Amino acid sequence: MRSLYLMHLIPLLVALLAAATGCSVPGFSGNKNAAPPVASHASWTDKVTAPFKSLAPKKQVASPADVSKTDPISLGFASGPTTPALYVSMAQMSDQGGNAPHARALYQKALSMDAKNLDALLGLARLEDREGNLPEALKVYQQAVDLHPQDARAYNDLALCHARCGDLQKSSEALDQAVRINPQKQLYRNNIAKVLIEMNQVDQAVTHMSAVCQPDVANYNIAVLLAERGRTAEAMTFLQKALAANPRMTDASTLLASLNNSILGRQTAIAPAQASAFQPTNNDITPTSYLPGETLTASYPSTGVPPIVPQTVPAELARVPVGYAPQALPPIR
């Protein structure tokens with residue numbers, strides 16, 4: 001009985017397998033839609049897995065246009081409309097790379113979109129400033145001041161450009177406005193102090209320094225500015241004030257010793273020549289004796305001040321000169 005059952009079951013299983021694989025066996029037609037047999041015979045595994053392979057989804061390959069829309073570094077990336085800020089950023093990169101003409105064009109493009117854009121105005125003015133186009137720089141700085149009368153940066157940069165042109169009075173007036181807007185900004189106090197020293201207005205320079213610095217630092221900074229102008233005796237006086245306020249201020253003591261040694265060296269070099277040339281007579285007047293620390297020159301005149309040497313970085317980025325610690329003055333641009 002069991003053998004009879006198996007005899008009927010085995011042909012049925014073979015027929016079902018043939019139907020699934022598209023084959024035919026004697027007595028069974030199999031798949032009516034199956035392709036005609038070919039010369040090469042597929043393996044039994046291929047025949048079993050073929051129906052499942054036909055159901056697998058096909059992989060879609062993205063087109064270059066689709067990739068450009070999702071790749072943030074692609075030129076076709078949908079970053080939105082261009083803005084003045086974008087052109088300013090590109091101009092700054094070009095400027096830093098040394099491509100001034102390209103940077104100028106980008107700043108001007110930003111200003112064509114927004115004529116009041118302060119970053120574009122200051123960027124363009126500073127570029128012209130560094131390129132030596134001072135009249136054009138003054139023009140753009142003035143536009144920035146007129147359009148943004150409450151921005152201290154515009155007044156500060158305008159003042160420094162005036163100083164480079166030799167117009168110290170206009171420079172002082174513009175720096176007064178910068179200090180009025182932001183009285184706690186040491187950069188503006190430093191710059192106006194330097195201009196005032198150039199104008200021989202030491203007391204006002206001291207007032208500005210004292211407003212933002214401790215007494216030792218304020219006197220030290222004034223001494224540095226005076227020493228730069230060759231006003232050695234006055235510089236030494238302020239260095240002594242700085243040391244009186246802070247005896248451990250090594251920068252002040254070092255500079256004081258250096259200035260004192262330079263004066264003694266000059267006096268030693270001058271003395272032999274004076275001794276050989278000096279012949280006493282009844283009409284001779286006893287030469288004036290200079291105490292240590294005094295100079296042989298008169299006080300610095302308030303006229304005939306040479307233009308200030310420009311620097312190649314924006315005022316806001318001016319670096320502190322080496323050796324002018326602890327809080328030295330940034331140089332006027």
Side-chain angles (χ1 to χ4, degrees), residues 84-182 185-199 208 225 228 304-321 329-333:
L86 176 61
Y87 282 109
V88 169
S89 299
M90 295 170 62
Q92 291 171 344
M93 288 189 292
S94 295
D95 198 359
Q96 293 172 0
N99 193 342
H102 188 243
R104 181 183 291 108
L106 291 171
Y107 280 128
Q108 291 171 344
K109 179 63 177 179
L111 290 173
S112 69
M113 301 174 68
D114 179 9
K116 297 182 178 181
N117 189 287
L118 180 60
D119 291 332
L121 287 168
L122 291 181
L124 179 60
R126 289 170 178 172
L127 184 150
E128 301 294 357
D129 205 335
R130 292 192 303 273
E131 291 293 303
N133 304 324
L134 296 186
E136 183 63 24
L138 281 174
K139 177 182 176 181
V140 182
Y141 280 136
Q142 190 62 51
Q143 289 177 357
V145 166
D146 294 340
L147 294 172
H148 302 274
Q150 296 302 316
D151 190 274
R153 292 180 300 162
Y155 281 107
N156 177 73
D157 287 8
L158 173 64
L160 299 181
C161 192
H162 277 307
R164 280 189 294 281
C165 293
D167 195 337
L168 298 181
Q169 184 60 42
K170 288 185 178 180
S171 177
S172 175
E173 292 171 358
L175 282 168
D176 274 334
Q177 292 296 323
V179 170
R180 178 187 60 80
I181 296 171
N182 192 348
K185 182 81 169 182
Q186 185 173 345
L187 174 65
Y188 306 151
R189 298 280 189 172
N190 291 346
N191 287 338
I192 195 171
K194 186 162 189 177
V195 170
L196 291 172
I197 292 293
E198 298 280 355
M199 298 173 68
H208 281 287
L225 291 176
E228 288 178 347
V305 179
I308 299 172
V309 178
Q311 67 186 48
T312 59
V313 296
E316 295 289 330
L317 304 179
R319 293 185 177 181
V320 177
L329 302 175
I332 285 186
R333 291 174 49 229

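This one's a predicted model, so the numbers in the text were calculated from it and none came from an experiment. These values consider heavy atoms only, across backbone and side chains, with no hydrogens, waters or symmetry-generated copies.
The two atoms that bring V88 and A120 nearest to each other are CG2-CB, 3.8 Å, heavy atoms only. For the residue pair C161 and A137, the shortest heavy atom distance occurs at SG-CB, 4.1 Å. Heavy atoms only, all atoms of each residue included: L134 and C165 are closest at CD1-SG, 3.7 Å. Shown here for I192 and S172, the closest heavy-atom pair between the two residues is CD1-O, 4.1 Å. In terms of heavy atoms, P149 sits closest to R180 at O-NH2, 4.5 Å. When all heavy atoms of A152 and Y188 are compared, the closest pair comes out as CB-CE1, 3.4 Å.
Panel note: side chain S89, backbone A85; a donor-acceptor pair is recorded below 3.5 Å. Of the possible polar contacts, one joining the H148 side chain to the K116 backbone as a donor-acceptor pair under 3.5 Å is found. Looking at D151, its side chain does come within 3.5 Å of a backbone N or O of A154 through a donor-acceptor pair.
The CD atom of Q143 sits 12.0 Å away from the CG atom of L118 when rounded to the nearest 0.5 Å. The distance from atom CD of Q96 to atom CE of M93, rounded to the nearest 0.5 Å, is 8.5 Å. For the atom pair CG (L175) and CG (N156), the distance works out to 6.0 Å, reported to the nearest 0.5 Å. Remark: Y107 OH to L121 CG distance equals 11.0 Å, nearest 0.5 Å. For the atom pair NE2 (H208) and CD1 (I197), the distance works out to 11.0 Å, reported to the nearest 0.5 Å. Rounded to the nearest 0.5 Å, atoms CG (L158) and CG (L122) are 10.5 Å apart.
In this structure, E228 and L225 have side chains that are in contact, with non-hydrogen atoms separated by less than 4.5 Å. Counting heavy atoms from C-beta on, the side chains of R126 and Y141 come closer than 4.5 Å.
Side chains of Q186 and R189: no donor on one and acceptor on the other come within 3.5 Å. Side chain to side chain, D176 and Y155 fail the donor-acceptor criterion of an N or O pair below 3.5 Å. S94 and H102 are linked by a side-chain donor-acceptor pair at a separation below 3.5 angstrom, with hydrogens and angles left out of the test. No side-chain donor-acceptor contact under 3.5 Å links E173 and Q177.
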| task | Starting from the C-alpha separation in whole Å, work towards a yes-or-no answer on side chain to side chain contact (heavy atoms under 4.5 Å, CB included) for Q142 and L138. | result | CA-CA 6 Å; Q142 190 62 51; L138 281 174; over 6 Å; no
| Which is it for R104 and E131 under the side chain to side chain contact (heavy atoms under 4.5 Å, CB included) test, yes or no, and what are the steps along the way? | CA-CA 11 Å; R104 181 183 291 108; E131 291 293 303; 4.1 Å; yes
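Under the 4.0 Å criterion applied to side-chain N and carboxylate O atoms, E128 and K139 are not assigned as salt-bridge partners. Salt bridge R130/D95: present, at least one basic N to carboxylate O contact under 4.0 Å.
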